[in-house]
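Beneath this line is the structure, given in C-alpha cells, with notes to follow.
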Amino acid sequence: MGGYHYNCAIIGAGASGLFTAAKILSQRPGISIALIDSNPRCGKKLMLTGSGRCNFTNSNLDLAKYNTDDPAKLGRSFQKFGYSDAIDFFENVLGVLTTNKGDLYYPATLRAGTVVDALRFYIEEHGCQMITEAKVKEIKKSSVGFDIHLDDGSIISSDKAVVATGGITYPKTGSEGDAKYLLTGFMSYKDFTEFKCSLVPLFSDDQSLKALAGIRIPATVTLDDGKGEILSSGELQITKEGGLSGICIFDLSGRAVRAIDSGIEPLVRINFCNAEPGECCLMAAVRAKMFPDRSLSAAFSGIIQRTVLDYVLKKTGYKCNMPAKDLFYNDLVRIADALTAFPVKITDYGKPGDAQVSQGGVNLASLDDNMMIPKTPGLYVVGEAVNVDGICGGYNLQWAWTSAALCAEGIIGAL
Ligand SMILES: Cc1cc2nc3c(=O)[nH]c(=O)nc-3n(C[C@H](O)[C@H](O)[C@H](O)COP(=O)(O)OP(=O)(O)OC[C@H]3O[C@@H](n4cnc5c(N)ncnc54)[C@H](O)[C@@H]3O)c2cc1C
C-alpha cells in the first residue's frame, strides 16, 4: 500500500500500535490510518501474554511497580488513562468481557486471542489500513508530515507518525529495538536510554544449582545490589541451566541487570520457607523432637520439598542422613538461616529471547504529555519503545494502553 497519503502512520501493530489506532478511530472515525508491521499478522507478542491468557491490566497501579526516568510524568499519565479506563474501553468499545483474579485483569475468555481479535476487528471495521510483512527502514520528515520508507522500497506518506515498535525482547515476535535507529535523526543520545532486558532469568557461577533444575516452589526473595535491598515473592523456578526464574525473580531482575551491567554482582537471598528464621527454627526444632531417629532429610520433609531441603542441607555442610537427634540448637539456627536466606551471587542474566520486557527506550521526560517528540511535532513514541517498564502482573500492557491513549488524544487534537 505504498504511495498513499494517510492522516496517521503507526509503525508496529503490537499492543500499543493497535490500541493507538482503536482509540483514535473510536473518537474520530474519519481519520485515515496505516498500521504497518513486519509480521504477517498483528499482535504476535500480545498473543503470548499472560501464558496465552493476556493479563491486560492491574488495579493496583502503584508507581513503585515501574522503572522509568520520569515517575512524576508516569503518575500523571495513569491519572489521565488508568486501569479502569482500559477496562472500560475493552468492555464498552471493543465488547470484550473481562474478569479478574485479585488485582489482575484478563479477558473473560482467558484467551489473548480474544484481545487481539477485538482490536483487529474494530480497527479494520473503522477503515484502518493494515500493511503487513513490511519492515520500516527509515522515517523522514516531509513537507506535509512524514515519509515512511519500507523495506520493499515503497514510501508511505502521512501527516502524523507513531513509533510503536516495542523493545528488544522476544525478537522473534518482530520487536528488535528498531525505535533507536528509526528515531536517530529526531533525538539526541540524551533522549534515549539503551534497551536492556527485564523480567529475565538470573544466573550464578554456582553450577551446583543445576541439582534443583525443574523445581517450582513458592518463595520470597531479596536482592541486594549494594544500593539497598528489594523484596519480591511468588513462584521460584530453577531452569535446566541452573538459572533462577519465575515471578519472584523476574520482578527484581530489572535492577539486577542494571547492577550487573555496571560491574556489580548482586546477591539474591532466597527464603524457601516463606517464614521468619525464628519461626523456621521452631518448626525444625519441633520436628527434630517428633522424629529424633529420622534422618534430617526425612525429619524436615514436611516443611519443604525434599530436593530443596537436601540441597540446602548439603550446601550448609550437613549430611542429609544425619539423625535429627544429633542436632544442637546452633545447628537448628544455622539450618533455619540457610532455608530462609539462602545466598546466591548473581553473575549474569538471560538473553533478550528469554526476557519478557525491555527496560530503556526513549526517555519519558523527552516526550510531551501526549508522547510526542517536542522538537518534531507530529512524531510520537508509545509502548515499550518508551523508557517505562513494570513488573509482572499486567503493568506493561497497561503502559501500552496508557501511552497509546495519550498519543491518540494528541493526534486527534492536532488533526
Ligand atoms: C512471553 C511474554 C508474556 C507477557 N505477558 C504479559 C502480561 O501478561 N501482561 C503484561 O502487562 N505484559 C506482558 N508482557 C509484556 C507485553 O507483551 C509488552 O510490554 C507489550 O506487548 C509491548 O507492546 P508494544 O506495542 O510496545 O510492543 P510489541 O508488542 O513488541 O509490538 C511491536 C510491534 O512492532 C513491530 N515492529 C518492530 N519494528 C518494526 C519495523 N521496523 N517495521 C515494522 N514493524 C516493526 C513488531 O513486529 C511488533 O509487532 C509479556 C511479554 C512476553 C514476551
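We're numbering straight along the sequence, starting at 1. Order of appearance sets the numbers: ligands from 1, and atoms from 1 within every ligand. Heavy-atom basis, side chains included; hydrogens, waters and symmetry copies ignored.
Across all their heavy atoms, Thr132 and Asn39 have their closest contact at CB-O, 3.2 Å.
In Ser51, neither the side chain nor the backbone holds a heavy atom less than 4.0 Å from any atom of ligand 1. Proximity of Trp399 to ligand 1, defined as any heavy-atom pair under 4.0 Å, is not found for any part of the residue. Here Leu18 has no heavy atoms under 4.0 Å from ligand 1, in either its backbone or its side chain. Looking at Cys392 against ligand 1, nothing comes within 4.0 Å, counting heavy atoms. Contacts of Lys45 with ligand 1, taken as heavy-atom pairs under 4.0 Å, involve the side chain alone.
Protein heavy atom in closest approach to atom 35 (C) of ligand 1: Asp37 OD2, 3.2 Å. Protein heavy atom at the shortest distance from atom 34 (O) of ligand 1 is Gly12 CA, 3.2 Å. In terms of protein heavy atoms, atom 16 (C) of ligand 1 is closest to Leu397 CD2, 4.0 Å. Looking only at protein heavy atoms, the nearest one to atom 52 (C) of ligand 1 is Gln356 O, 3.7 Å.
Atoms of ligand 1 found under 4.0 Å from any heavy atom of Asp178, numbered from 1 in the order shown, are 38 (N), 39 (C), 40 (C), 41 (N). Heavy-atom proximity to Asn55, at under 4.0 Å, picks out these atoms of ligand 1: 7 (C), 8 (O), 9 (N), 10 (C), 11 (O). Every atom of ligand 1 is numbered from 1 in the order shown, and the set under 4.0 Å from a heavy atom of Asn39 is 47 (O), 49 (O). With ligand atoms numbered from 1 in the order given, ligand 1 contributes 26 (O) to contacts under 4.0 Å with heavy atoms of Gly383. Contact atoms of ligand 1 toward Ala15: 23 (O), 25 (O), 29 (O) (distance under 4.0 Å to a heavy atom of the residue). Here is the list of ligand 1 atoms found below 4.0 Å of a heavy atom in Leu48: 3 (C). Listed by number with element, the atoms of ligand 1 under 4.0 Å from a non-hydrogen atom of Gly166 are 26 (O), 27 (O), 30 (O), 32 (C). Atoms of ligand 1 lying under 4.0 Å from any heavy atom of Gly174, numbered from 1 in the order shown and given with element: 36 (N), 37 (C), 38 (N), 46 (C), 47 (O).
Closest to atom 17 (O) of ligand 1 by heavy atom, among Ile148, Leu199, Thr49, is Thr49.
A salt bridge links Asp225 and Arg255; the closest N-O separation between the charged side-chain nitrogens and carboxylate oxygens is under 4.0 Å. Between Lys345 and Glu265, no side-chain nitrogen of the basic residue sits less than 4.0 Å from a carboxylate oxygen of the acidic one, so the salt-bridge criterion is not met. Ion pairing between a basic and an acidic side chain is recognised when a charged N comes within 4.0 Å of a carboxylate O; Glu133 and Arg41 show no such pairing.
If you look at Phe90 and Phe56, their ring centroids are closer than 6.0 Å. Under the 6.0 Å cut-off for aromatic ring centres, Phe192 and Phe186 do not qualify, their centroids lying 6.0 Å or more apart.
In this structure, CG on Leu61 lies 11.5 Å from OG on Ser77, to the nearest 0.5 angstrom.
Under a 3.5 Å cut-off, the side chain of Ser32 and the backbone N or O of Asn7 do form a donor-acceptor pair.
Within a 6.0 Å sphere centred on CZ of Arg76, heavy atoms belonging to other residues, nucleotides or ligands number more than 12.
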Phe78 vs Tyr83, ring-ring contact (aromatic ring centres under 6.0 Å, His included): CA-CA, chis, key distance, verdict
CA-CA 8 Å; Phe78 287 138; Tyr83 83 93; over 10 Å; no

